Amino acid sequence: MQRLHARYPFLEGARDAVATQAVDLVTVVEQERPVVERARERVVAALEEGDVGEPSRDPRTELLSYPVARVLVSLADQRVLVRTYARAEAATAYERFVADFEDTTELKSVETSGVTLEELLSEFDLERAVRETETGYQVGVGAYLPLAGDLWESEWRLVNRALERGEVPVDEDELLTLVREAVRERVEEGLPFDVPEPIAEALTDDVEEIQEVLAELDLTREIDTVVPDLFPPCMTALLDAIQKGEHLPHHSRFAITAFLASIGMSTDEIVELYRVNSTFGEEMTRYQTDHIRGESSPTEYSPPSCATMVSYGDCVNKDDLCERIPHPMAYYERRLDETDDDELEDWRETVESEEA
Amino acid sequence: MEERTRAYLRGRFRDHYRRTEITPPPDANEREWGFIPWTQSPGTTMVRHRSLLELGDIGDFLERKRPRHVYFSAGRYTDPGAGSMAAKEWRCSDLIFDLDADHLPGVTLGEDSYAEMLATCKGALFRLLDFLEDDFAFTDLEIVFSGGRGYHVHVRDEAVLHLEREHRREIVDYVRGIGLEYDDLVAHEPVAGLGRKTPTHRRTLETSGGWGKRTHDHFMAFVDDLLELDDEEALARLQEFDGIGEGKATAVLTAARDNREGLEAGNVTVHTAVSQLAERFSMLAVERDNAPIDEPVTTDTNRLIRLPGSLHGGSALEVCRLERDELDAFDPLVDAVPETFRGHEIAVDVSRDGLVEVGGEALELEAGVQTLPEYVAVFLLARGWAEKEKEQ
């Protein structure tokens, strides 16, 4: 069981296992460096790689590193870290359970470290809401909505789903994505929490290191400068396409709109920038922009990373700088930093002066 | 409103509550209650954050307090009487839908009569119920005439009680057709083409449910209409769509004639013109089928909503629970007139000429002091269209 719990530390059973081992967290963080180091690695990998890194070979260390990682995330106390960390834990869990489901060769024994889909569904109280059909699965709408709530692609929105008799049909891949979301929600639940002083003290250096990584990635930095000449090539290409009136797929429109919102543009300004072309769909843009900015939804969406842009085929005209950055936002920040403040001409000011 | 009018309405509201049995909503003691008393000041002051523990039995309370308006919360709380939302501790909420003539397209305020507005609203209610009963298959529905300009639907199915604000917004968007993307209604399926280097895709419009099915239904109805026409008429009809010229019109008509089964199965690969036209029908489907509910009411998990069985202080009509099968025949301006106000006549001073349609007949009113059936009179008094006169 310990291997299973080390592999899936967010399970209720894993939490119980940690509790019944009667481990005192203060003792662990003070005396078991391998656990703390693996915990820190979970968090750093979450920030840098989007997963939680290589598991420790010792199941006990691996299992205990999860609650300690949650302590670290709580101590760093940044909203963006909580979200990124939860996503990374979910991404890793997803990889592992997909592998488990595919692995039908191994004879399941009592000491198995794998899970079945049924077990996971039951873990998240979904066994009654999810029903297998000939062509896929049906998910009860009451369960579907919270699970799909954080998935921004338009295909997940209820309005674009073949809802019938209170059920949403999904294919197998989609169901696994929903289970991943259930994991993410489970991990995020209760974070950040108050950490008792002795534990916090023992982890000061580790928290500091995490904060350095955070600062380096600049996920929290506020940009409020709009200089289209300095945009990364992918965003320049998408903006050109919109201004020419080409019909962009949803993910592309999302990418450019989220990018523009992230560099400080208001909905009105984005609409204005797109308006060069008359058929850009103002209402859709407004709706989408408000959604991305978190005004019509609780979630603020950040623009996709380079990896996501590549997988959607939106990564074009790569230049030297692209090779060195993981994210379009990083590209733009770098270009802003390299340019003298005097030379930066904000697009919004040029528009205003034209109108004056 | 003059003091004499206010006093009269308060008195008659009490008479009404004396003879009426109120059925409270389920878990009434876990809900917040609020009411608006009859006050002199022009502004309305809502008394809220009350629990049933403080109000006592709801029937007694109404008789004693005879408020102008009375509400209970969609939300259920651990401590419903607490003064702040956080202290109440939210547990779950009914899912509420509000159709109000004020927000309906197809209603011209100031031009349409009250009866016309309510009729438009009822049309929208039937469209809303299509979504709630078919697409969502909700079973615990309560349909209510609001006593004012519209209808409420309270959904209490277990599966949705715990949904939070943003998830309820998805339901609003679904019912209103907001954010619909034609491309997402179409499934792409690679088809290995014989002798082709690259496989082509078969694109199939989702016909099993959702807006895909609605789009397809409208599209097929149009196709079947086309098939009734002769070539010239059919082609002309098709070319009424923007972006459909003679070539595309011919292609669609040919597809309709030669491959109706293909279209019936949702295959929109038949010709690009077919897909283009189907996309138009996705927009038309939204225009025709969407139910223009008032979004903030549905997304607000703490919303206060009018108590069925109570009187609406702005119309003196009863907030009525309606059975599904009596909806067709329900005429709010007749059936929501409280029995209490029938069979009497009273003297009022009407402030302006106009048509009033309450109680089943249309009355052409002239300004001035007159004696009217009480149900007409209280309607005018509540709406601020008349003041109470001393009886002779």
Side-chain angles (χ1 to χ4, degrees), chain A residues 125-126 128-129 133-136 138-171 174 185 247-254 279 281 283-288 290-292 294-300, chain B residues 92 95 131-139 155 157-189 204-216 242-243 266 279 282-283 285-286 290 295-296 299:
Chain A
D125 266 337
L126 292 170
R128 278 193 310 138
T133 64
E134 274 171 31
T135 52
Q138 298 276 351
V139 183
V141 67
Y144 175 86
L145 288 176
L147 292 176
D150 232 42
L151 300 166
W152 54 261
E153 294 100 328
S154 63
E155 67 194 65
W156 290 104
R157 309 218 36 229
L158 189 61
V159 71
N160 293 319
R161 286 276 154 179
L163 173 67
E164 206 211 354
R165 306 297 315 154
E167 293 182 317
V168 181
V170 298
D171 62 29
E174 289 172 331
E185 209 177 279
H247 181 78
L248 292 186
H250 178 81
H251 55 83
S252 308
R253 214 166 26 174
F254 169 84
T279 60
E283 200 179 324
M284 189 57 204
T285 303
R286 276 188 190 284
Y287 176 78
Q288 198 177 34
D290 285 344
H291 197 73
I292 288 169
E295 274 158 30
S296 58
S297 86
T299 316
E300 262 184 75
Chain B
C92 63
L95 178 67
F131 288 105
L132 303 186
E133 294 172 337
D134 296 345
D135 300 42
F136 288 95
F138 291 138
T139 51
V155 177
D157 282 56
E158 196 59 43
V160 295
L161 292 183
H162 292 90
L163 293 182
E164 291 170 18
R165 190 183 189 88
E166 65 267 26
H167 312 135
R168 290 170 194 243
R169 185 187 309 278
E170 284 287 299
I171 296 178
V172 172
D173 286 352
Y174 185 89
V175 164
R176 295 184 56 179
I178 293 173
L180 188 77
E181 293 259 344
Y182 173 74
D183 284 344
D184 290 322
L185 305 179
V186 175
H188 296 243
E189 185 190 344
T204 318
L205 185 59
E206 186 59 70
T207 58
S208 66
W211 281 99
K213 179 176 189 315
R214 285 196 158 72
T215 299
H216 186 250
D242 277 346
E279 183 165 3
S282 71
M283 293 182 252
V286 171
N290 97 86
E295 159 163 351
T299 53

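When reading the values below, keep in mind they use all heavy atoms of this one structure, side chains included, and skip hydrogens, waters and symmetry mates. Everything numeric here is computed off the predicted structure, so don't read it as measured data. Quick note on labels: first sequence line is chain A, next is B, and so on, each numbered from 1.
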Contact part of [X] toward chain A, heavy-atom cut-off under 4.5 Å: side chain, backbone, both or neither?
X        : value
B/Leu163 : side chain
B/Glu158 : neither
B/Asp183 : side chain

Select, from A/Ala129, A/Ala143, A/Gly142, the one with the greatest count of heavy-atom pairs under 4.5 Å involving chain B.
-> A/Gly142

Hey, which of A/Glu164, A/Glu153, A/Arg165 has the most heavy atom pairs under 4.5 Å with chain B?
->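 With the most close heavy-atom pairs to chain B, the winner is A/Arg165.
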
Please find the pair of heavy atoms, one from [X] and one from [Y], that lie closest to each other, and give the distance.
X        : Y        : answer
A/Arg157 : B/Ile178 : NH1-O, 4.0 Å
A/Ala162 : B/Ser208 : CB-OG, 3.8 Å
B/Tyr174 : A/Leu158 : CD1-O, 3.3 Å

What residue in [options] has the most heavy-atom pairs under 4.5 Å with chain A?
options                      : answer
B/Arg214, B/Arg168, B/His167 : B/His167
B/Thr207, B/Leu180, B/Leu185 : B/Leu180
B/Ile171, B/Asp173, B/Leu161 : B/Asp173

Hey, is A/Arg253 close enough to B/Glu181 for a salt bridge, meaning N to O under 4.0 Å?
-> yes

